[in-house]
There are 2 protein chains.
Amino acid sequence: MFNGEFNNAIDLKGRASIPAAFREALQNSTGDVSLYVTKSDSGLAAYPTSAWQGICDRVNALPPGPLRTANLRTKIAPAKECSFDRQGRIQLPQSLREYAALEKDIVVVGMGDKLEIWNLQRHLEATAKSEALLRENEQAQAELGF
Amino acid sequence: MFNGEFNNAIDLKGRASIPAAFREALQNSTGDVSLYVTKSDSGLAAYPTSAWQGICDRVNALPPGPLRTANLRTKIAPAKECSFDRQGRIQLPQSLREYAALEKDIVVVGMGDKLEIWNLQRHLEATAKSEALLRENEQAQAELGF
DNA sequence: CACCATTTGACACTAACTGGGAAAAGATAC
DNA sequence: GTATCTTTTCCCAGTTAGTGTCAAATGGTG
């Protein structure tokens, strides 16, 4: 559903431009006009409504305990539904902006069923780490056809 | 009902700003103009009237014994009904402020049927612990759809 | 090179949050 | 019971943050 990597920007008031390609993909598949955004790794993840519903249902179905609590505290509670303005931007709340250190340059990445929103610098670092990991597993990579 | 995470403040007099989003949610669902606040973990928890009633009823229905006493002593007894002032703040009694170490920067977290009020630093620590726990269970997280 | 869609920056306007002063209520000591 | 002090409540005003809109800049395409 979502794929591609885009270097966009977030403005002083915290509005992040979402690439038109992703908005169209959303429109065509689910018809949503908003995304559910939450913390993920060192960045943000944004889900279409139905996907988010599924996640919430599965978390709520977990047996009471530390794992359920941790998910509620770090994933479900901070989440915010963000709708697009006329220019295709979403307003991200301060808490999420701070968490992901979003200030000016951001990277929006399509990850199939979800989007990721990164601070440019952090995305570079995360990518570098992933590349290093793959170099340690050349055989597996070859088998994948890369 | 309640969700989202907000960085607000408590002033020298002990008045804590409750985000407008939560006040509206309250208004729309129960019409309450106050919250029942009590101790919880290392912070405070705030409940709408009806939810608090339910809790009290269930605690009172417990058979007499240490468990019932402990609940009365640590949860029911310290609770205070706090109503909003015209600016959307609640006045927290000194005992609760001290318990949760609320001084200046606070975090107000929506947790479905209740709110949590944290000292900023303590909230960071609590979420960091939860994140660490989730990283130890990547497989489980993937299955949830994150 | 001109055109078009997209992205970004800027502005004004509104709403939300924060801080302070004074009145009211409650507690404490005499 | 009264005086004094502290805490809470009410009200006002300043500051900050968020929203809606417009228009300039950017980049890709014919």
Side-chain angles (χ1 to χ4, degrees), chain A residues 2-28 33-35 37 44 46 78 80-100 102-110 115 117-120, chain B residues 2-28 33-37 44 46 78-100 102-110 115 117-120:
Chain A
F2 302 120
N3 73 331
E5 214 177 81
F6 299 82
N7 293 306
N8 280 4
I10 188 169
D11 69 17
L12 292 170
K13 305 292 184 71
R15 289 180 290 195
S17 286
I18 302 300
F22 293 156
R23 302 200 305 268
E24 273 167 34
L26 244 197
Q27 190 64 254
N28 295 337
V33 292
S34 63
L35 289 168
V37 185
L44 302 180
K80 173 96 199 294
E81 180 180 7
C82 300
S83 44
F84 297 102
D85 71 11
R86 220 197 283 197
Q87 280 75 19
R89 297 175 289 196
I90 56 177
Q91 172 74 35
L92 296 172
Q94 194 182 20
S95 59
L96 294 181
R97 273 152 34 209
E98 276 178 16
Y99 176 85
L102 305 181
E103 271 182 60
K104 175 92 184 48
D105 295 319
I106 64 174
V107 184
V108 186
V109 188
L115 301 179
I117 304 174
W118 288 85
N119 167 298
L120 174 61
Chain B
F2 302 120
N3 77 325
E5 215 178 79
F6 299 83
N7 295 310
N8 280 5
I10 188 170
D11 66 19
L12 294 170
K13 300 175 185 178
R15 294 175 296 187
S17 284
I18 303 300
F22 293 157
R23 303 197 308 265
E24 274 165 33
L26 244 196
Q27 189 65 254
N28 295 336
V33 292
S34 63
L35 289 168
Y36 285 83
V37 185
L44 302 179
K80 171 99 199 295
E81 180 181 7
C82 300
S83 45
F84 297 102
D85 70 12
R86 215 199 286 199
Q87 281 73 20
R89 297 176 288 197
I90 55 176
Q91 172 74 35
L92 296 173
Q94 200 176 6
S95 57
L96 292 180
R97 277 182 271 155
E98 276 176 15
Y99 176 85
L102 305 181
E103 271 182 60
K104 175 92 183 48
D105 294 320
I106 65 174
V107 183
V108 186
V109 187
L115 302 180
I117 305 174
W118 288 83
N119 167 297
L120 173 62

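Naming: A, B, ... by sequence-line order, numbering from 1 per chain. What you are looking at is a predicted structure, and each value in this text was computed from that prediction instead of being measured.
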Intermediate values then yes/no, side chain to side chain contact (heavy atoms under 4.5 Å, CB included), B:I117 and B:I10: CA-CA 10 Å; B:I117 305 174; B:I10 188 170; over 6 Å; no
Donor-acceptor pair (no angle test) under 3.5 Å: A:K13 side chain, D:dT19 base: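 In this structure, the two groups form a donor-acceptor pair.
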Any N/O donor-acceptor pair, A:R15 side-chain to C:dG9 base, under 3.5 Å: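 No, the side chain and the base share no sub-3.5 Å donor-acceptor pair.
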Distance check: side-chain N/O of [X] vs OP1/OP2 of [N], anything under 4.0 Å?
X: A:S17; N: C:dT7; answer: no
X: A:R89; N: D:dT21; answer: no
X: A:R86; N: D:dG20; answer: no

Over 12 non-hydrogen atoms of neighbours within 6.0 angstrom of CD in A:E103: no
Nearest-Å distance for atom pair [atom1]/[atom2], residues [X] and [N]:
X: A:L12; N: D:dG18; atom1: CG; atom2: P; result: 12 Å
X: A:D11; N: C:dT7; atom1: CG; atom2: P; result: 14 Å
X: B:F22; N: C:dC17; atom1: CZ; atom2: P; result: 10 Å
X: B:D105; N: C:dC17; atom1: CG; atom2: P; result: 15 Å
X: B:Q27; N: C:dA16; atom1: CD; atom2: C1'; result: 17 Å
X: B:E81; N: D:dT9; atom1: CD; atom2: C1'; result: 15 Å
X: A:D85; N: C:dG9; atom1: CG; atom2: P; result: 14 Å
X: B:F84; N: D:dT8; atom1: CZ; atom2: C1'; result: 17 Å

Base-contact (B) and sugar-phosphate-only (S) positions in nucleotides 23-30 of chain D, heavy-atom cut-off under 4.0 Å, - elsewhere: --------
Tell me which nucleotide among [options] gets nearest to the side chain of [X].
X: A:A20; options: C:dG9, C:dC17, C:dT7; answer: C:dT7
X: B:Q91; options: D:dG18, C:dG19, D:dT8; answer: D:dT8
X: A:K104; options: C:dT18, C:dG9, C:dT7; answer: C:dG9

Touch class at under 4.0 angstrom, heavy-atom based, for A:I18 against every strand present: sugar-phosphate
Could you state the interatomic distance from [atom1] ([X]) to [atom2] ([Y]), rounded to the nearest 0.5 Å?
X: A:L26; Y: A:F2; atom1: CG; atom2: CZ; answer: 4.0 Å
X: B:F84; Y: B:R89; atom1: CZ; atom2: CZ; answer: 12.5 Å
X: A:D11; Y: A:L102; atom1: CG; atom2: CG; answer: 12.0 Å

Donor-acceptor contact below 3.5 Å, side chain A:N8 vs main chain A:S17: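 It does hold such a pair.
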Any donor-acceptor pair under 3.5 Å from A:S95 side chain to B:E5 backbone: yes
